[in-house]
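Notes to accompany the following structure.
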Amino acid sequence: MHYRDMWDHFDAAVRGGGGVIAERSFRWRPDTLPMADNRAFQPAIAMAKGTRERLLSGGEILVDTLLAHGASHVFCVPGESFLPVLDALYDAPLTLTVCRQEGGAAMMAEAFGKLTGEPGICFVTRAPGATNASAGVHIAQQDSTPMILFIGQVARGTQEREAFQEIDYRRMYGPLAKWVAEIDDPARIPEFVTRGFHTATSGRPGPVVLALPEDVLSATARLKPVDPYRRAEAHPGQGDMSRLKDLLAAARKPFVLVGGGGWSEAACADLRRFAETWRLPVGVSFRCQSYFDNDHPNYAGDVGIGVNPKLWQRIQGADVLLVLGARLGEMTTGGYRLLDVPKPRMTLIHVFPGAEEIGRVYQPALGINAAMGPMARALAGLEPPKKPGWAEATARARDDYLQWTEPPRIPGDVQLGEIMDWLRTRLPADAILTNGAGNYSAWPNRFYRYRQFRTLLGPTSGSMGYGVPAAIAAKRLYPERSVIAFAGDGCFLVTGQEFATACQYGLAIVVVVVNNAMYGTIRMHQERAYPGRVSGTALENPDFAALARAFGGHGELVVRTAEFAPAFERAIASRLPALIELRIDPEAISPNTTLSEIRAKAIAVKNKIT
């Protein structure tokens, strides 16, 4: 029986006995309570008779409201500032994941939001917890991911005195979230939480932050029931769709660019039907590769860091560019160089779920404020021209992509391209790959083929440390699916302690640590700007495989390409959280060049200038 049904059953029994519950004077465990009759309720029913109101603590009201809105998972680092919530969670049918650092917890909640489209829920304590969690909130903001962060706050009577761990979260989180508020009355918790769900999911999805004074959580109030939230979605108008159809039909070199938040598996299926019937080439924005089947003949690749030069030229040469959901931010546009600011040379059609983004940087010929689901459905029903004139260009774009993803040879005994090819043939289509930030991420982003929706989790915000928490969230949600996290040696140690979380819950993720003994991306930029002057980018690392074993997981070390496949199979067979360390030649800084080549070019340029 559902938690809420159980409460209603109890309430009905009390009302039938002539009374209304005054407060929860007992607690139950849903897995042990017999529900065939009211016998288990008799002590509480007897205590409740004759009373007039049903009072709950703020913590209980909060958990009940989360359940009413369909929440299923909570990620947290516990804190004394929200003990009443932790107590309420004891009885609630919510999957609680206790993490080791608030940044990891917030990243897990953000990854949950990406995977489900529902707000990821995270609880952290006052100032140290809140500041740590900001990394995950920033990811949710830049990636347009629905998320709600609850922060324990000092009691109302001690505020404005710089009390222990006091921060004004409205000021702190104002630039990072869609809405920040503090709940000062337990009776208003359902109102604030309900607004949080609506705000996080409607328009451009994003994070909401709610501060919870500890005395509000322990105070009591009457529960105000709410209905499950329903997101508000903007739909394209008939006039907009008619004009879009005319602009596309008249094009000679159209291109479709897809990205951003608010997508679903159904919306991606509609998008695919539209691309097929119109025979259009489709690219994706930075780290959105899993929005469109990479094995599909219309898929042309991703537009982000290390973009295929031929794809870049194709987009610049398009006469009609249809952008669906992507913000056209710095990473996708290569520093705002892909399109002219403010008026692009081509006819730009920009579709975005939040009106505030349309025209923010680029002035579109047609701007449409619409959510991705309704927009994709409308596109799927759009009748194409009888003989699209760009079908051959779509085929050429596909050929360019296939050539671009042929694995190159790199210095050293570990060939990452061969490893990615092997994983592509070994892993099922629904396997989830995650990564953080660093040059290593070019390999899973460019050379793996994503075939199903949200099988890639990566931060468009460029946040290090994302891969391991995201993998834990994915495995917590989908324990039956293969989940592989990629991390650099620097990236892993930002949130590597969350490997203990994977071990605690028996989440058999596989973490691939690409170890080149440095902060590789910064070293690459350093060599370009200050060739030969290495400062602050070298790393002394632990034995990562031994570290995994110390946590209680499985550890492997790979120093040659041929060792990877058997190491991976042993990792899977162990049924434990596993880590495979790949020792990479430091020269292999990217798929396209080496450190020595970068340094030599930079020195030549400096000498020429001199």
Side-chain angles (χ1 to χ4, degrees), residues 97 108 111 115 289-290 294-295 407 413-436 440-441 443-445 447-458 466-489 491-492 495-515 542-584:
T97 303
M108 291 182 203
L115 286 165
Q289 287 90 320
S290 63
N294 296 181
D295 281 337
D413 295 327
V414 175
Q415 295 297 312
L416 283 170
E418 293 181 26
I419 288 173
M420 297 313 305
D421 260 1
W422 184 85
L423 285 173
R424 181 162 55 88
T425 59
R426 164 65 173 77
L427 294 175
D430 69 348
I432 298 171
L433 273 62
T434 72
N435 63 260
Y440 74 88
S441 64
W443 296 94
N445 280 217
F447 297 101
Y448 188 78
R449 302 277 172 80
Y450 298 92
R451 291 158 283 174
Q452 292 187 14
F453 176 66
R454 283 300 188 197
T455 49
L456 169 62
L457 297 178
Y466 181 80
V468 173
I472 291 171
K475 196 68 173 177
R476 196 78 162 129
L477 185 59
Y478 302 118
E480 74 286 356
R481 294 170 67 173
S482 299
V483 181
I484 317 299
F486 281 83
D489 47 328
C491 190
F492 175 76
T495 54
Q497 71 277 1
E498 298 301 344
F499 194 83
T501 305
C503 291
Q504 177 173 338
Y505 293 100
L507 305 174
I509 62 174
V510 178
V511 181
V512 178
V513 176
V514 182
N515 181 7
D543 181 334
F544 288 106
L547 183 63
R549 291 190 287 271
F551 277 121
H554 180 86
E556 296 274 354
L557 173 63
V558 170
V559 296
R560 296 179 184 81
T561 306
E563 297 171 356
F564 180 80
F568 187 89
E569 298 297 358
R570 288 192 296 270
I572 295 296
S574 74
R575 299 181 181 275
L576 295 171
L579 184 151
I580 303 174
E581 177 186 350
L582 305 182
R583 296 270 175 88
I584 301 297

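Below, each value reflects all heavy atoms present in this structure, side chains not excepted, and no hydrogens, waters or symmetry copies.
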List the steps and the verdict of side-chain contact (heavy atoms from CB on, under 4.5 Å) for I580 and V510. CA-CA 7 Å; I580 303 174; V510 178; 4.0 Å; yes
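With sequence neighbours left out, R451 forms a salt bridge (charged side-chain N to carboxylate O under 4.0 Å, His left out) with no residue at all. Contacts of A485 classified as side-chain contact (heavy atoms from CB on, under 4.5 Å), with partners at least two apart in sequence or in another chain: T434, A471, V511. Remark: R424 engages D421, Y448, R449 in a side-chain contact (heavy atoms from CB on, under 4.5 Å) (not counting sequence neighbours). The side-chain contact (heavy atoms from CB on, under 4.5 Å) search around E418 returns R409, Q415, T561, not counting sequence neighbours. Every residue was checked against the salt bridge (charged side-chain N to carboxylate O under 4.0 Å, His left out) condition with D543, not counting sequence neighbours, and none meets it. Partners of Q497 according to the side chain to side chain donor-acceptor pair (under 3.5 Å) rule, which considers only residues two or more places apart in sequence or in another chain, do not exist here. Legend: residues meeting ring-ring contact (aromatic ring centres under 6.0 Å, His included) with F568, ordered by chain and number and at least two apart, are W422, F564. Every residue two or more places apart in sequence or in another chain that forms a side-chain contact (heavy atoms from CB on, under 4.5 Å) with A548 is listed here: F499, L579. Not counting sequence neighbours, T455 has no partner by the side chain to side chain donor-acceptor pair (under 3.5 Å) test.
Sequence neighbours left out, the pairs with a member in residues 547-556 that pass salt bridge (Lys or Arg N to Asp or Glu O under 4.0 Å) are E556-R570. Residue pairs meeting the side chain to side chain donor-acceptor pair (under 3.5 Å) criterion with at least one partner in residues 503-515, sequence neighbours excluded, are R100-Q504, N515-N541, N515-E581. Residues in residues 467-485 take part in these side chain to side chain donor-acceptor pair (under 3.5 Å) pairs, two or more places apart or across chains: T97-R476.
Here the side chains of I484 and I509 are not in contact, with every heavy-atom distance at 4.5 Å or above. Side-chain contact between H554 and P577: absent, with no pair of heavy atoms (C-beta onward) separated by less than 4.5 Å. Between E563 and V414, every side-chain heavy-atom pair lies at or beyond the 4.5 Å cut-off. The closest side-chain heavy-atom distance from V558 to R583 is not below 4.5 Å.
The ring of F486 has its center no closer than 6.0 angstrom to the ring center of Y440.
If you take CZ on F453 and CG on L115, they are separated by 8.5 Å, rounding to the nearest 0.5 Å. Note that the SG atom of C491 and the CG atom of D489 stand 9.5 Å from one another [nearest 0.5 Å]. L457 CG to L433 CG: the interatomic distance, rounded to the nearest 0.5 Å, is 9.0 Å. If you take CG on L507 and CD on E498, they are separated by 11.5 Å, rounding to the nearest 0.5 Å. Note: S441 OG to L456 CG = 9.5 Å, rounded to the nearest 0.5 Å. Within the model, atoms CG of L416 and CH2 of W443 stand 5.5 Å from one another, a figure rounded to the nearest 0.5 Å.
Between the side chain of N435 and the backbone N or O of N445, no donor-acceptor pair lies under 3.5 Å.
Minimum heavy-atom separation, Q452 to A429: NE2-CB, 3.6 Å. Listed here is the closest heavy atom pair of L547 and P542: CD2-CG, 4.5 Å. For the pair M420 and P444, the tightest heavy-atom approach, listed with the atom from each and the gap, is CE-CA, 3.5 Å.
Of the residues L582, L423, I419, the one that meets the side-chain contact (heavy atoms from CB on, under 4.5 Å) test with V512 is L582.
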